[in-house]
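Written below as structure tokens is the structure these notes are about.
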Amino acid sequence: MTTHASGTDQDLSPIRFEDRTLYLLDQRRLPSEEHWLALDSVDQVARAITDLVVRGAPAIGITAAFGAVIAAQHHGDDMSAWRLDLERLNQSRPTAVNLAWATARMHRAADARGRLDVAALEAEARTIHAEDIAANRAMAQAGSALFEPGTGILTHCNTGALATGGIGTALGVIAAGHRAGRVTRIFADETRPWLQGSRLTAWELARQGIPFKVVVEGAAAALMASGQVQWVVTGADRIAANGDVANKIGTCSLAVIARHYGVRFMVVAPSSTVDPHMASGEGIAIEQRDPSEIWRAAGLDQPPAGFDAWNPVFDITPAGLIDCIVTEQGVSRPPYSFTN
Ligand code: MRU
């Protein structure tokens with residue numbers, strides 16, 4: 001494993017765009033290997049999103065924005081072919097709204113010029129990336145201010161620089177709380193089946209020199225009962241107008257357990273993750289992935305005879321179980337009502 005104990009959350013970004021080419025840090029290969037893929041077609045970008053080369057709601061939005069630049073590089077002035085490519089990017093994963101949010105912004109940038117101005121589109125994609133980092137910085141400050149000294153935190157999935165343009169959402173808040181001396185214990189869920197917690201969050205925290213412990217998901221109730229955590233802090237893939245939150249499968253279980261043990265529950269996400277057109281979580285499409293992810297996570301090369309699995313990769317946490325939602329615009333508390 002490659003570690004950079006001197007690394008900070010400021011110097012890691014899984015997405016780079018240089019010389020008309022999109023470079024993605026291949027998250028499937030972390031932490032064993034830091035391998036970058038170079039992409040120069042929309043098909044490659046869409047497949048990279050579907051196959052989880054890049055994952056995390058804000059990161060896939062930024063990736064799609066650069067995908068729209070690559071589409072423009074290929075289509076000259078054929079606006080309808082470009083729009084079809086953006087639709088292909090939109091379809092690459094269903095749950096995180098950041099994808100459609102980013103492609104809608106790219107549409108507006110093209111419409112404003114009335115043509116495919118590649119330089120203007122590249123500038124817009126870079127702005128989306130920079131705004132995400134700025135939002136994460138603001139959320140890190142606002143969210144970490146809510147922790148009292150001696151706070152212990154349980155987090156889920158990976159919400160760090162790898163999942164965003166840089167810094168991270170929930171993990172940015174946790175790291176800021178640690179740097180401020182208020183967060184003294186950090187627990188990261190393994191996050192089955194893809195192990196975003198034990199592979200990616202652990203790698204990011206180690207890289208920053210922040211101590212942590214990985215726990216299996218089944219340890220959540222025991223951990224909360226033990227009094228070692230005062231907050232559960234997660235990101236989001238889509239936040240409905242009423243505050244229901246779609247996030248990595250297992251998030252809702254944590255919220256239910258947290259409420260039982262009097263542990264507070266915080267969601268951290270930029271406003272690009274808020275979908276004011278979605279009245280409640282009921283309407284959010286939940287991505288179902290291949291059952292092979294589950295038997296592979298069990299270390300099997302082939303499924304045993306008769307093996308089957310159900311693999312929804314997100315769930316909905318009802319707004320009533322969430323104590324606060326932190327965006328770059330501030331801290332919201334129930335009853336939630338998000339508009340744009
Ligand atoms: O399937 P993934 O790894 O893309 O799921 C990611 C999550 O659920 C994150 O918690 C969410 O996108 C917030 S990341 C800042």
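Atoms within a ligand are numbered from 1 in the order they appear, just like the ligands themselves. Atoms considered below: every heavy atom in the structure, side chains included; atoms not considered: hydrogens, waters and symmetry mates.
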remark   = Ranked by distance from atom 13 (C) of ligand 1, the top protein heavy atom is A236 O, 3.4 Å

request  = Select one of side chain, backbone, both or neither to describe which atoms of R93 lie under 4.0 Å from any atom of ligand 1, heavy atoms only.
outcome  = side chain

task = Decide yes or no on side-chain contact (heavy atoms from CB on, under 4.5 Å) for M79 and R115, but give the supporting numbers first.
result = CA-CA 7 Å; M79 194 76 116; R115 67 188 177 88; 5.5 Å; no

query = What residue and atom, counting heavy atoms only, is the protein's closest point to atom 14 (S) of ligand 1, and at what distance?
reply = A163 CB, 3.6 Å

Single hit among R185, E148, R264 for side chain to side chain donor-acceptor pair (under 3.5 Å) with Q230 = R185

request  = With atom 9 (C) of ligand 1 as the reference point, say which of L200, N247, L171, D132 has the nearest heavy atom.
outcome  = N247

ask   = Going by heavy atoms in the side chains, are N247 and V267 under 4.5 Å from each other?
value = no

task = Quick one: look up the protein heavy atom nearest atom 15 (C) of ligand 1 and list residue, atom name and how far away it is.
result = T169 OG1, 3.1 Å

ask   = Rounded to the nearest 0.5 Å, what separation is found between the CG atom of L162 and the CG atom of L171?
value = 9.0 Å

ask   = Can you tell which part of K248 has a heavy atom less than 4.0 Å from ligand 1: side chain, backbone, both or neither?
value = both

task = Quick one: sort the W231 and F147 rings into parallel, tilted or perpendicular, breaks at 30° and 60°.
result = perpendicular

key: Location of contacts on C157 toward ligand 1, heavy atoms closer than 4.0 Å   = side chain

task = Show your reasoning for whether side-chain contact (heavy atoms from CB on, under 4.5 Å) applies to F265 and R259.
result = CA-CA 8 Å; F265 197 94; R259 185 55 56 94; over 6 Å; no

request  = Work out whether the distance between some heavy atom of P58 and some atom of ligand 1 is less than 4.0 Å.
outcome  = yes

inquiry  = R55 and side-chain contact (heavy atoms from CB on, under 4.5 Å): which single residue from I49, N158, T63 fits?
reply    = N158

task = Report yes if some heavy atom in the side chain of Y336 is under 4.5 Å from a heavy atom in the side chain of I325; otherwise report no.
result = yes

ask   = Should the proximity of F314 to ligand 1, defined as any heavy atom under 4.0 Å, be assigned to the side chain, the backbone, both, or neither?
value = side chain

Atoms of ligand 1, numbered as shown, that sit under 4.0 Å from any heavy atom of T164 = 15 (C)

ask   = Which protein non-hydrogen atom lies closest to atom 8 (O) of ligand 1, naming both residue and atom, and how far is it?
value = D237 OD1, 2.7 Å

Numbered atoms of ligand 1 (with element) below 4.0 Å of Q196, judged on heavy atoms = 1 (O), 2 (P), 3 (O)

message = Whether R207 engages the ring of W203 as a cation-pi pair (distance to the six-membered ring centre under 6.0 angstrom, angle to the ring normal within 45°) should be assessed.
response = yes

Contact partition for T273 relative to ligand 1, non-hydrogen atoms under 4.0 Å = neither

message = Check contact between E287 and ligand 1, using heavy atoms of the residue and a distance below 4.0 angstrom.
response = no

ask   = Any idea which protein heavy atom is nearest atom 12 (O) of ligand 1, and the distance to it?
value = A57 N, 2.9 Å

message = Any nitrogen or oxygen of R55 lying under 3.5 Å from a nitrogen or oxygen in ligand 1? Just yes or no.
response = yes

Side-chain (D19) to main-chain (T21) donor-acceptor, under 3.5 angstrom = no

